[in-house]
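First the proteins, then the strands, lettered A, B, ... as listed; each starts at 1.
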Amino acid sequence: MPSPAPVQSNFIRDIMIADRESNKYGGVVRTRFPPEPNGYLHLGHAKSICLNFGLAAEFGGTTNLRFDDTNPEKEEQEYVDSIIDNVRWLGFQWDKMLFASDYFEPIYQWAVQLIRAGQAYVCDLNAEEVRQYRGTLVDGGKHSPYRDRSVEENLDLLARMRAGEFPDGSRTVRAKIDMGSPNLNLRDPVMYRILHATHHRTGDDWCIYPMYDYAHGQSDSIEGITHSICTLEFEDHRPLYDWFVDQLGIHHPQQIEFDRLNLTYTLLSKRKLLQLVNDGHVRGWDDPRMPTLSGIRRRGYTPEAMRSFCGAIGVGKTNGTIELGLLEHHVREDLNKRVNRVMAVLRPLKVVIENYPDDLVEELPAVNNPEDESAGSRTVPFSKVLYIEQDDFREVPPKQFYRLSPGKEVRLRWGFFITCTGVVKNDAGEVVELRATYDPATRGGNSPDGRKVKATIHWVSAAHALEAEVRLYETLFSKENPNQVEEGGNFLDNINPNSLEVLSGCKLEPALATAKPGDRVQFERLGYFCCDLDSTEGALVFNRTVALKDSWAKIEKREKGK
RNA sequence: UGGGACGUCGUCUAACGGUAAGACUGCAGACUCUGGAUCUGCGUAUCGGGGUUCGAAUCCCUGCGUCCCAGCCA
């Protein structure tokens, strides 16, 4: 099983090392990844997955995949399926796949035990009353009038709650802790609520469901988890986590909290991602603009890149925000060494080589991946009429532009040197075609007289070109922090209207004829692309995974800014 | 204004009382049949104020700032 590389020290790892040395859990490390199946996994979960699985693997331990499915109103089988698929894709293998709902019976029996011990009671207050009795951040709460019911009455009511005698919201089971605690979680927290809802796994077996706080620690305990890793917002819940397992006298895992991932230009909130999907701002959970694992996968990100990113960002307790550029760096780094190069023209400009024979076609050898000799080579057809990128020609070249312009010579990648001899314009004065001559002696890309050209540009033979649709993506949000909004606004106001640009009529070299959905490739000088699910044999569709670093674009931007 | 946590280059992370380090970004250069990749160089940080100590990012006090908590969500 892969571990996020490079292995970097972090405070949780330090705790595990100390625990191993003190023999705290008999030297064992057992973790769990506990998603709620109420949405798709995203980049933030990837961090948690790499942490939990990576650390356990490093210490020779195991990790369970446990679904935290205690709220039937929000959870669905579709989400369970996607989560299983995503964890596998990331490259991790769990020891056991489990569900909190597997433990509903023991969890119920523990409630009986707590009631018998006088540590829990059935409360008849409704939701609004519970809130009022709870008090505020500054003032303590007051006791529920039902707090001192007899054990017998509590037991009877609990059994009748389970039996379905009471309507939703009419009663709860609460732990009897401390209504005066400055930690609101300890002010007699609700353990069970009545919910006449069909659960995705237990169906209608239950109409009372345990709350997270009452279910999570005990589930960990049952599985013999040693290090229960969760995010910072649960810090205030740890005393409650500890309280339940201590009162019950069962195996006591330790809860450790770390900082959740934040990424610039990105939202990592299941609730908001769900809204983007439901309101149709994206094409679905797996839209390549989404930060979901399904989305980035479709976009062309690799599990290897994700793991190395998660290893690089580190783990701590500070609430920071990672720059998107770091993620992209890891994606490029991985794709650079493993993916084949190919030529594609996204915005075609026709070039006629006037001195090239009308019917001649030459097959020119091209290296597939200069970073990987074993990737071999292929040939690309060259003929009289070609397409080049519109961006690679300027009638009036700006400073430092050394691609094609009238009278200038450039190299066609793996092809010949050509010199632009003329420009054809339409009635609107736009350049629609170029005329050029080629130097037959430069076949393959080198001139025998040793003369140099400043630029090499990509091209596709018109007669042999494959047509394709190419989808270019920008960030889904135009603000670094999508949550930063004007008074009264919301994150939807920050949606980037240019996040998707669909280009049709793109020209690809024939080697791409056999491309299948999921295939990754570099379009030379443009970026890394991934064949999309929507692709069919005759109609190829590619997603831009990430652009190549573009120093010309940087220069151009700087010049314009002057 | 109660409680919990956190403050180290622009960003993220390390240094565990002993020369503040790395990655990303930025800038400059080398090289190049991708203005890609690669390589080299440069730059910027311990939240403020006190203290303890031969010596403090690290320990203590104090101030300031940021985040989380009043779901029958997780």
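For the pair A:Arg201 and A:Phe99, the cation-pi criterion (under 6.0 Å, within 45° of the ring axis) is fulfilled.
Within the nucleic acid shown, A:Gln400 comes within 4.0 Å of at least one base atom, counting heavy atoms only. Residue contacts for A:Gly169: at a heavy-atom cut-off of 4.0 Å it reaches a base atom on one of the strands shown. Nucleic acid contact for A:Gln522: base, since at least one base atom lies under 4.0 Å from a heavy atom of the residue. When heavy atoms are screened at a 4.0 angstrom cut-off, A:Leu195 is found touching no nucleic acid atom at all. Among the protein residues, A:Arg341 comes within range of the nucleic acid bases, having at least one heavy atom under 4.0 Å from a base atom. A:Leu125 comes within 4.0 angstrom of a nucleotide base, judged by non-hydrogen atoms across all strands.
Taking atom CZ of residue A:Arg525 and atom P of nucleotide B:rU34, one finds them 10 Å apart after rounding to whole Å. In this structure, NE2 of A:His329 is placed 17 Å from P of B:rC12, rounded to the nearest angstrom.
Two residues, A:Phe234 and A:Gly316, neighbour RNA chain B, and the one matched to the more 5' nucleotide by heavy-atom proximity is A:Gly316.
The same atom, P, is picked in B:rG22 and in B:rC16; the two are 16 Å apart, to the nearest Å. Using atom P as the reference point in both B:rA15 and B:rA70, the two lie 34 Å apart (nearest Å). Across the C1' atoms, B:rC12 and B:rC61 are found 31 Å apart, a figure rounded to whole Å.
Listed nucleotides: B:rG2, B:rC6, B:rU34. Nearest to the side chain of A:Leu548: B:rU34. Relative to the side chain of A:Arg413, the nucleotides B:rU34, B:rA74, B:rG35 differ in distance, and B:rU34 lies closest. Relative to the side chain of A:Pro182, the nucleotides B:rG35, B:rC73, B:rG2 differ in distance, and B:rG2 lies closest. The side chain of A:Asn71 lies closest to B:rA74, out of B:rG35, B:rA74, B:rC69.
Ring geometry for A:Trp285 against A:Tyr40 counts as parallel: the plane angle stays under 30°, on a 0 to 90° scale with 60° as the upper cut.
When Watson-Crick and G-U wobble pairs are counted only if both distances are under 3.5 Å, B:rC39 pairs with B:rG29.
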